[in-house]
Structures are given as C-alpha cells and as structure tokens.
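The structure under discussion appears below in the form of structure tokens.
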Amino acid sequence: MRTNNFLLAVISAVCLFCPVSPIVHGQAVDIKPGAATAPPQRSWPSDARQQSANLAITDAGMRADISFLADDLLEGRGPGTRGDLLAQRYIISQFGLLGLQTVLPNNKWVQDVPMVGITSRPPELLNFQFESKSMPLKFRDDFIMSNGQGVDGAKFENAELVFVGYGIQAPEFGWDDFKDCDVAGKILVVMNNDPADDPELFAGRTRLYYGRWDYKFKQAAAQGALGAFIIHTTPSAGYPFQVVQTSWTGEQMALSSELNQHPVFEGWLTEDASRKLTELAGQDLDELRTSAESRDFKPVPLGIQLSAALPCLVRPRSTGNVLAVLPGSDPELSKQFVVFMAHHDHLGQSEDRAENVDNIYNGAIDNASGVGSLLSIARAITCLPEAERPKRSILFAAVGAEEQGLIGSKYLAQFPPVPAGRLAAVINIDGINILGPTQDVVVVGLGKSSLDGIVERVAKFQERVVVGDQFPDQGYYYRSDQFSLAKIGVPAVYLHPGIHVIGKPDGWGKQQLREWTDTIYHQPSDEYKTDWDLRGALQDTRLLFYVGLEAANQTDLPAWKPGDEFEAARLAALAAIKP
C-alpha cells in the first residue's frame with residue numbers, strides 16, 4: 001500500500017481532457033480539429049459527441065481519479081472523517097475547473113447531511129437461555145450486534161425470541177408473516193431475502209425490497225420489537241459473513257431524524273449459530289424455514305430468552321453531497337434535470353491497529369471507480385460545443401454515506417434542490433468493469449422504465465446486447481443510491497459490469513465477479529491496481545454519457561412502465577409541481 005500525494009498534479013492535468021471548455025469560456029467551440037464552420041451533420045450520436053466522449057472519457061483520466069480517491073491518504077473515506085472531507089474537496093475542485101455551477105443556496109457546493117455516529121460495545125458472549133439450558137454465542141464469530149437507536153446504556157432482560165419467517169407484510173401479495181401476533185418487546189429471528197419458490201409471488205427469484213436487511217429492521221421497529229437477528233447465509237445475503245463483520249462493526253451512521261425507525265438493536269446470526277439456537281429450543285431450522293415459504297405461516301415463539309446490555313458512544317457526525325449543475329439550453333426543458341450520481345464514501349478504517357495489518361478499506365472499486373466515471377462524464381459534457389449542449393439541465397451528485405444505508409442519497413431525496421417532479425432521470429454509477437470490454441450491457445432493473453429504450457439504442461450503436469441483472473436474487477436494485485431517488489419517483493439507469501468478456505471463455509466474467517464479492521467486497525483488499533483492464537469501463541461510461549444526453553434531449557419525460565412499484569410516486573411528484 002502506498003501513499004502518493006499527487007492531488008495538485010491531477011488538478012493541473014484535468015484541462016487536458018478537452019481542448020477547450022465552452023462552459024468556461026462561454027462560447028461555442030467545435031472540438032473536432034480542422035472542422036468547417038458549417039453546422040455539423042446531425043447523425044446519431046453526432047461527431048461532436050463521439051469526439052467529446054473519446055477525448056474526455058479516457059483510461060488515464062479515470063485512473064487518475066480512482067488512484068487518488070482510493071489512496072491511503074484518504075483513509076478509506078469513512079463518513080465524517082478527514083478522508084471524507086478530502087474526497088469532497090477533490091470533487092469540488094474538479095467541478096469548479098469544469099465551469100459547472102452550484103445549485104444550492106449561498107453558492108454552496110455541498111449539501112450537509114446531518115447524522116449521528118453510533119459506536120456499539122456489544123458483549124463478547126451472549127448467553128441464550130431455554131429453561132435450564134444455556135447457549136453461549138461469541139461476538140464476531142457467531143453474531144454481530146449494534147445499537148440501533150443510539151441510546152447509551154440500553155439493556156434488556158429475559159426478552160423472548162420469536163421466529164417470524166421472512167418478517168414481511170405485503171398486502172399486495174396477500175402476505176403477512178406476523179398474523180396479528182404481538183411481538184412488542186420481543187426479539188425477532190428473521191430470514192434474509194423474500195420467498196422465492198413461487199414465480200407469482202415476490203417476483204420469484206428476483207429479490208424485492210422486502211428481502212433487504214433494512215426492511216427487516218424497520219419492520220421490527222414498526223412492530224414494537226426490541227430488536228432483530230437476521231439469519232445470514234451466503235446465498236441469501238449475496239456475500240459471506242465476513243462482509244457483515246466488516247460492515248456492521250465500528251462506528252455506524254444514521255440520519256438524525258430517523259433513529260426512531262430503528263429497533264433498540266440490530267443483529268445478525270451465522271447460519272450455524274441459528275441452527276444451534278433452534279436446536280436449543282427443540283426446533284429444526286430447516287423445518288422452520290420451509291414453513292415460512294407459505295402464506296399460512298404463523299410466528300413461532302422459541303421459548304428462548306436473552307438478557308444483555310448494549311452500551312454505545314453517540315456523537316454528532318456529518319457528511320456531504322457534492323452537487324453541481326450544468327444549465328440546460330432549452331428555456332422550458334432546462335427546468336428539468338437529468339442526474340448523474342455516484343457515492344464518494346467507503347468504510348474508513350478498522351479499529352485494528354496491529355503492526356503489519358492493513359486496516360484501511362480503500363474502496364477502489366466501491367466506489368472511487370464510480371466517482372471517476374462520473375467525473376469523466378462531467379468532462380465529456382462540458383467539452384461539448386454550444387450547439388450540442390443538452391436541453392435539460394444536468395445535475396452531478398457525488399453523495400455520501402452510501403455504505404451506511406444510502407444515507408446521502410436518502411437525504412438528497414428528502415431535500416432535493418429542485419422539486420422531485422423536475423428530476424427527469426437518474427443515472428447511478430456504483431462500481432465499474434475492470435475485466436475488459438464486454439459483448440453485453442447489464443442493466444439492473446431492466447424492464448422498469450422507458451429509459452431501457454435509450455440504453456438499448458446506445459448499446460446497438462456500440463454493437464453490444466442489453467441483458468438484465470445476472471444475479472437477480474441479490475436485490476441489487478435496492479442496494480444502491482438510485483433506489484433513494486426511485487422512491488420519490490425518478491426513473492433510473494443502473495449498470496453492472498458485463499459478464500461476456502471479449503476474448504475470455506464463457507462463464508469467466510461471472511466467475512470473476514463472484515470471486516470479487518467473496519474475497520474483496522468490503523475488505524481492505526479493494527485497492528487500486530495498475531493492471532486493471534479499463535476498456536470495459538470506458539465502454540460503459542461512454543454509454544452512460546450518451547444515455548444521459550438522450551434523456552436530456554428527448555421531448556418526452558422518462559417514465560416508469562405502467563404498474564411499476566415506483567409509478568405512483570412519480571405521478572404524485574408530477575402532480576405536486578405548481579404551474
């Protein structure tokens with residue numbers, strides 16, 4: 001691991017990405033060398049757009065951004081830390097150099113996001129009691145536990161454990177795992193994911209929001225439960241337990257205004273620990289899980305009791321969403337905004353300070369790479385000549401605290417700089433392709449909105465094929481920042497790296513992505529590597545650049561497909577706009 005302070009070099013070099021910036025100089029500039037003065041032919045995409053994409057979205061530019069943001073100097077960019085502020089300042093400097101404008105009051109670049117930081121001190125052992133028997137479980141090895149409400153001195157005695165299946169209430173599917181059972185003051189034991197056996201229920205093996213951990217914990221709070229343990233399995237979570245160990249220990253962040261939406265504690269159990277607990281209660285875990293696949297399931301009191309204290313350190317924290325705008329060229333359409341978004345944070349540093357131990361979670365792929373892609377797109381758009389300027393305005397949003405539960409984008413959705421109905425579309429970038437060029441374009445959430453048609457058109461231009469999520473059971477659509485804006489009605493595009501890597505055997509790309517999740521995701525090993533093949537990242541970044549411009553220029557406002565889960569929010573947002 002190296003620490004190289006080359007911020008000034010990167011800032012100085014940024015202007016090399018386009019010969020002249022028409023935004024900075026306020027005049028139309030044809031960036032094609034030797035071009036005639038006659039208006040350019042309006043092919044699609046235009047020569048100017050292709051030239052801009054090729055000049056500004058480059059391997060060197062993307063590497064410069066990623067290698068700085070993922071450097072040890074930024075200490076993992078944990079929310080509210082010095083590294084977090086350095087990342088924000090770096091992004092501000094790039095936006096400013098490109099001539100972008102502020103969109104917040106008082107010419108501020110940063111939307112402050114108020115949070116609380118909660119550092120829990122769970123016991124090293126939890127002793128679960130069943131009648132005269134006890135079962136000790138060990139922190140980190142068997143369970144993870146954090147204080148959900150930030151109440152120091154929180155403790156409970158003889159709280160009963162209740163198995164509640166998936167812990168889902170979904171009236172549209174006629175599904176209720178609680179069946180009017182009073183779980184107030186009790187501890188829920190809940191399965192990850194959502195039922196997948198019936199393709200007519202919960203989209204079959206495509207995970208919905210009901211399968212996400214944040215839904216489970218919110219449900220526990222809404223039911224008045226004391227807390228919840230989610231049963232972790234690698235298939236149901238999409239990642240090994242080591243990701244829970246790294247993501248759910250140390251200081252946890254929450255929006256100050258939402259602490260009451262959390263239960264007293266939020267926890268995870270390994271599958272082995274869960275099996276031991278159910279055996280302690282005279283139950284069989286597999287039989288319990290099988291029963292939970294039916295609408296007829298009813299909560300099962302386990303007769304196990306738990307007493308524990310969960311002290312914590314609570315302090316005010318803050319992060320920031322860095323926002324910048326390029327005003328649109330059309331007098332009417334410029335009132336609407338296409339959003340390019342990426343999160344700038346990662347996990348920071350672990351508490352392990354042992355010598356020769358790498359304790360920095362650099363987050364190179366997740367998500368210094370997404371910010372690098374976002375900045376490359378910003379350079380390409382600001383390199384366009386005046387005649388090619390997008391009609392709708394473009395909002396660039398580098399949001400914070402994504403790893404803490406989409407906090408920055410959630411706050412942006414609560415307090416958007418313009419009404420939600422004026423946000424035409426969001427293009428979110430969370431991770432890039434480092435494996436090389438691909439034949440496929442993987443769209444997470446394919447089939448949800450009219451933006452699919454634009455993606456397909458651009459992919460055809462690139463001689464590529466659009467496919468849906470290759471890991472639909474992992475619920476990726478609900479795990480990144482586009483979900484926050486989708487909930488207020490904004491149609492979204494979110495790509496994952498393609499798996500059909502040119503020149504590689506069938507299945508190679510998918511296997512590489514699985515191995516990355518198993519060994520690097522949310523680990524200190526997510527570091528920048530000089531041997532990355534970014535040709536696929538350049539493909540995808542240029543595709544998103546074109547998609548954003550098409551969304552910004554088309555006459556019709558992008559829309560959700562009829563009946564989509566976010567359509568009602570969109571209609572309400574549009575209705576709320578004053579004439």
Side-chain angles (χ1 to χ4, degrees), residues 69 73-92 102-122 144-155 213-214 217-218 220-221 227 246-267 309-323 341 343-353 359-361 363 367 371 397-417 481 484 522:
L69 290 168
L73 175 70
L74 277 72
E75 300 172 341
R77 308 187 308 281
T81 66
R82 177 178 60 179
D84 183 17
L85 290 173
L86 283 171
Q88 293 176 42
R89 293 298 177 91
Y90 177 80
I91 296 164
I92 290 169
T102 58
V103 67
L104 297 169
N106 302 317
N107 292 320
K108 289 181 60 178
W109 289 104
V110 178
Q111 179 185 49
D112 296 323
V113 180
M115 306 183 298
V116 292
I118 304 170
T119 304
S120 304
R121 299 298 182 209
I144 295 295
M145 192 177 190
S146 62
N147 192 312
Q149 295 182 348
V151 178
D152 189 23
K155 62 181 180 180
W213 56 259
D214 48 341
F217 291 136
K218 283 184 178 179
T246 56
S247 303
W248 284 85
T249 53
E251 189 172 30
Q252 303 292 299
M253 307 292 174
L255 283 174
S256 308
S257 60
E258 294 189 353
L259 286 175
N260 61 350
Q261 298 180 24
H262 295 258
V264 172
F265 81 86
E266 300 171 336
L310 193 58
C312 64
L313 171 66
V314 182
R315 57 177 175 168
R317 301 288 262 168
S318 67
T319 186
N321 298 327
V322 185
L323 307 178
M341 182 165 60
H343 74 88
H344 59 69
D345 65 292
H346 198 55
L347 299 179
Q349 301 180 83
S350 74
E351 296 178 350
D352 189 346
R353 296 293 191 269
N359 72 326
I360 297 177
Y361 296 87
N367 187 37
V371 176
V399 297
E402 187 268 356
E403 305 292 6
Q404 300 289 330
L406 315 184
I407 287 177
S409 60
K410 186 186 299 183
Y411 193 81
L412 178 63
Q414 291 177 5
F415 303 100
D481 288 309
S484 297
H522 282 200

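When a residue number appears, it is its place in the shown sequence, counting from 1.
A397 and L412 make their closest contact through CB-CD2, 4.2 Å (heavy atoms, listed as atom of the first residue, atom of the second, distance). Nearest approach of D84 to G78, heavy atoms of both residues: CB-O, 3.2 Å. The two atoms that bring I91 and A398 nearest to each other are CD1-CB, 3.7 Å, heavy atoms only. The heavy-atom pair separating R77 from A87 by the smallest distance is CD-CB, 3.9 Å. Nearest heavy atom pair, residue D112 against residue Y411, reads O-CE2, 3.3 Å. Nearest approach of V264 to A154, heavy atoms of both residues: CG1-CB, 4.0 Å.
Residues that satisfy the ring pair (Phe, Tyr, Trp, His ring centres under 6.0 Å) test with H344, not counting sequence neighbours, are absent from this structure.
Annotation: side chain of E351 is in contact with side chain of T119 (closest heavy-atom distance under 4.5 Å). In this structure, the side chains of V110 and Q88 come closer than 4.5 Å at one or more pairs of heavy atoms. You'll find the side chain of Y361 reaches within 4.5 Å of the side chain of S350, heavy atoms only. Looking at L69 and L86, their side chains never come closer than 4.5 Å, going by heavy atoms from C-beta outward. H262 has its side chain out of reach of F217: every pair of non-hydrogen atoms, C-beta onward, lies at least 4.5 Å apart. Using a 4.5 Å heavy-atom cutoff, the side chains of L323 and T102 are not in contact. Counting heavy atoms from C-beta on, the side chains of L310 and M145 come closer than 4.5 Å. L255 places a side-chain heavy atom less than 4.5 Å from the side chain of Q414.
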Got a list of side-chain donor-acceptor pairs under 3.5 Å for residues 401-409, not counting sequence neighbours?
from : atom 1 : to   : atom 2 : distance (Å)
E402 : OE1    : H343 : NE2    : 3.2
E403 : OE1    : H522 : NE2    : 2.9
E403 : OE2    : H346 : ND1    : 3.3
Q404 : OE1    : M253 : N      : 2.9
S409 : OG     : L406 : O      : 3.2
S409 : OG     : D481 : OD1    : 2.5
S409 : OG     : S484 : OG     : 2.8

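Residue C312 holds its SG atom at 10.0 Å from CZ of R121, rounded to the nearest 0.5 Å. Atoms CG and OG1, from L85 and T319 in turn, are 8.0 Å apart once rounded to the nearest 0.5 Å. Taken to the nearest 0.5 Å, the CG atom of D345 stands 9.5 Å off from the OG1 atom of T81. Atom CH2 of W248 is separated from atom OG1 of T246 by 12.0 Å, given to the nearest 0.5 angstrom.
Of the possible donor and acceptor atoms, one in the side chain of Q252 sits under 3.5 Å from a partner among the backbone N and O of S247. At least one donor-acceptor pair under 3.5 Å links the side chain of N321 to the backbone N or O of G400. Judged by distance alone, with hydrogens and angles left aside, the side-chain atoms of S120 form a donor-acceptor pair with the main-chain N or O of N147 at under 3.5 Å.
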Next on the checklist: Could you walk me through whether D152 and L313 satisfy the side chain to side chain contact (heavy atoms under 4.5 Å, CB included) test, starting with their C-alpha distance in whole Å, then the side-chain angles of each, then the deciding distance to 0.1 Å, before giving a yes or no?
Outcome noted: CA-CA 7 Å; D152 189 23; L313 171 66; over 6 Å; no

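Sorted by first and then second residue, the salt bridge (Lys or Arg N to Asp or Glu O under 4.0 Å) pairs with a member in residues 249-267 read E251-R315, E251-R317, E258-K410; sequence neighbours excluded.
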